2 protein chains.
Amino acid sequence: MLSVKTPDEVLMIIEKEFSASDLCEEVDISEASGRILAEDVKSSEYVPGFDRSSVDGFAIRAKDSFGCTESIPAILKLTAEVEMGKEYTDALPKGCCVSVPTGGKVPEGADSVVMIEYTERYSKDEVAVIKPVAPGENMVYKGDECIPGQLIAPKGTLIKAQHIGVFASLGINKLTVAKRPVAGIISIGDELVPINETPSDGQVRDVNSYLLSAICKEAGCIPRTYGFVKDNEELIRELLKTAISECDLVLISGGSSVGQKDATAKLIEEWGPLLFHGIAMKPGKPTILGKCGNKALVGLPGHPGASFFVSKIFVKAIIDRLTGRKGSEHFVTAVLTEAVPANQGRTVYTGVSLEYSNGKTYAGPVQSKSGLVGSFTRSDGYICVPRDCEGFGKGTEVKVYLF
Amino acid sequence: MLSVKTPDEVLMIIEKEFSASDLCEEVDISEASGRILAEDVKSSEYVPGFDRSSVDGFAIRAKDSFGCTESIPAILKLTAEVEMGKEYTDALPKGCCVSVPTGGKVPEGADSVVMIEYTERYSKDEVAVIKPVAPGENMVYKGDECIPGQLIAPKGTLIKAQHIGVFASLGINKLTVAKRPVAGIISIGDELVPINETPSDGQVRDVNSYLLSAICKEAGCIPRTYGFVKDNEELIRELLKTAISECDLVLISGGSSVGQKDATAKLIEEWGPLLFHGIAMKPGKPTILGKCGNKALVGLPGHPGASFFVSKIFVKAIIDRLTGRKGSEHFVTAVLTEAVPANQGRTVYTGVSLEYSNGKTYAGPVQSKSGLVGSFTRSDGYICVPRDCEGFGKGTEVKVYLF
């Protein structure tokens, strides 16, 4: 049997063994939110394409306004009106101004825009400026957003609204994104019944098919459930074979503890190398990872509370590798309101709820028992107590990873 | 003209003026992730439905193991084997044990489970326990997850994977959730061209239709775009009428600054009260909110960079009211690497990127000009400098709201 790995070792194994699939697809930018870029996106244009005003006002040469005040305004000749969306190519003569709306083009020769609030219209073609402007004031220059050849978003970027905004400004309306991996989900256990049935004594509902589907969806996968199966080698082998042929990764929950009917590890090994058998974490120890080509075969604990953490952390890491997603998770720093003991040799993961008081953020550990997932509905995130520490005392500053 | 409101006043106005729509729909739990509960969900059962073991081992009376050691083990009579999913109703006699797999039923009379690792099988019906267990050890009791009548998730909860896990364990496979509000999106501006066209001098692409759609989608809405229209009162009136009849809220971007062609405020007022005209924020000042029944009519700045912040904060707040979503946003505490000046009288919103070094989190302000959305693609979140402060100096500890 392979040795148990630490959580950090597991992340390194995932990083080493799985890589971004070549499978990608083209999507319209209106459908691209939440997807992962499969190529670098570069600008081929200047954005904005011309110098623009960021206010309603008058484009001027800044030095024509120097020294002006309310009592001694600078009087400039109004030579034209720039209209939105209309071409305007005349250069601005000295001592003159043109009116410009917000977003309008600032003509050549002008280097700043004075806000309409700081002007007075003396006559049809005379404008008095009562407050000087600095060169560049109220201007957005050609290329301020981007210039041709500039990298806008690298391959591996999780696409958010702000990316879509920039892509639209560049005229990019199609994007090549990673295909969503298909995650096959199989539950194993003689005790399982469908969720719409009432379990008899000793039976429980098949929670993991639903829980793992939802986690996979949140991580950017398409879940495909294969239902649950009795803890019988032949039945599991058959289902696993189908799932491997149809999916990019397969999650098998249950049947992976050191019980007498453990077939999962053996069955996974029939398809390729077993990368480890056991993670030094609590909850979640009886976790198996195997590999069949670039497909991950994951044996998860049957307890929903344990398979929850393993999936949120390690299955998500696998999915990120398959889609090529780059970028780190952020965390909230908080002060523990209660001690959280360590567990000899195993990294402990615990749900916490956050509270704010007197400008400080506090994390309260949420009681949970290994098998139960309910405590996480009352948690805002989780903390992780390393295996080599003595636990965290009350008042310790901890990192909280948000759910 | 109505007075300008502060961001806090705007949030209070939204809270007061808009309420959760009665419109809800029933969805299967496999489709419920990311939706908002429209009813309290209570348990009608005990979960687990019976006392369970959390390990592979032997169910015993704890006191039968007290004082045992490796050299002087407690010898117990093995009377039965509990099988997964099988009913087991016999009570455990004193001085006896039954073998129980992980998740198996612990029989009446037993109060703990000793892990198989701390036992030795002396004969077919004799088990030696070499380490004492405490009462309750390795047990998950009936009702530990929930009991009948217990509130599992209140109305207004954003449904996540962990909720779906608990619902499945209770046999709840349908949920009543808030309908996703439909957000109508209209862009106004004589300067706009479709994003697949190359703008001539003075023109720009219609970024906001795409940017606002993506923000609305991220906030749980269904965006419905109406394209862009010239800054012409009649044309806008017509489009607004259609959008109001088809949508739950309408976002009109552009045409809301104090320029000469401003028709948005007037047009919004034709449908109901104008709640404010202007938010004391930077960027984003020229924002209008009107109300037509429970429908929000929002006039947003034309500049994508400004409409981005207004939408991320205030349009999202409106959407949360319409869906009845409860719960607060969490933030990351970080140390500013550069000063961020305040703006007289206006709350300043600035994108920041996070970096980690020596156990500390640092926030670096990302330079941006009002009109541009690109800076937010390089930001992890944003900070907010209150209007009544003198700005944040380098080294100030700030709250970062993640994108």
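Because the structure is a prediction, the values reported are computed rather than measured. Order of the sequence lines sets the chain letters (A, B, ...), proteins ahead of strands, with each chain counted from 1.
- Proximity to chain B (any heavy atom under 4.5 Å) is shown, for A:I215, by both the backbone and the side chain.
- By the salt bridge (Lys or Arg N to Asp or Glu O under 4.0 Å) test, A:K142 pairs with no residue at all, sequence neighbours left out.
- Remark: the backbone N or O of B:V373 is paired with a side-chain donor or acceptor of A:E145 at under 3.5 angstrom.
- Interface remark: of the candidates B:V166, B:T377, B:L211, B:T377 forms the most heavy-atom pairs closer than 4.5 Å to chain A.
- Applying the salt bridge (Lys or Arg N to Asp or Glu O under 4.0 Å) test to every pair with at least one member in residues 43-52 of chain A, sequence neighbours left out, gives these pairs: A:E45-B:R205.
- Ring pair B:F331/A:Y356: centre-to-centre distance below 6.0 Å.
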Stepwise side-chain contact (heavy atoms from CB on, under 4.5 Å) check, A:L372 with B:D144: CA-CA 8 Å; A:L372 308 177; B:D144 261 354; 3.7 Å; yes
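- Using a 4.5 Å cut-off between heavy atoms, B:E218 touches chain A through its side chain atoms alone.
- Both the backbone and the side chain of B:F376 come within less than 4.5 Å of a heavy atom of chain A.
- Looking at B:L402, the atoms closer than 4.5 Å to chain A (heavy atoms on both sides) all sit in the side chain, from C-beta outward.
- There is no contact between B:S311 and chain A, counting heavy-atom distances below 4.5 Å.
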Chi angles and distances behind the side-chain contact (heavy atoms from CB on, under 4.5 Å) call for B:M84, A:D231: CA-CA 9 Å; B:M84 286 305 274; A:D231 201 344; over 6 Å; no
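- The shortest side-chain heavy-atom distance between B:E31 and A:K217 falls under the 4.5 Å cut-off.
- Contact check for B:L170 versus A:I195: no side-chain heavy atoms found under the 4.5 Å cut-off.
- In this structure the side chain of B:D380 reaches within 4.5 angstrom of the side chain of A:H330, judged on heavy atoms.
- Most heavy-atom pairs under 4.5 Å with chain A, from the set B:F308, B:F50, B:F167: that is B:F50.
- Side-chain contact between A:K105 and B:Q203: absent, with no pair of heavy atoms (C-beta onward) separated by less than 4.5 Å.
- Looking at B:S169, the atoms closer than 4.5 Å to chain A (heavy atoms on both sides) sit in the backbone and in the side chain alike.
- In this structure the side chain of B:T333 never reaches within 4.5 angstrom of the side chain of A:V332, judged on heavy atoms.
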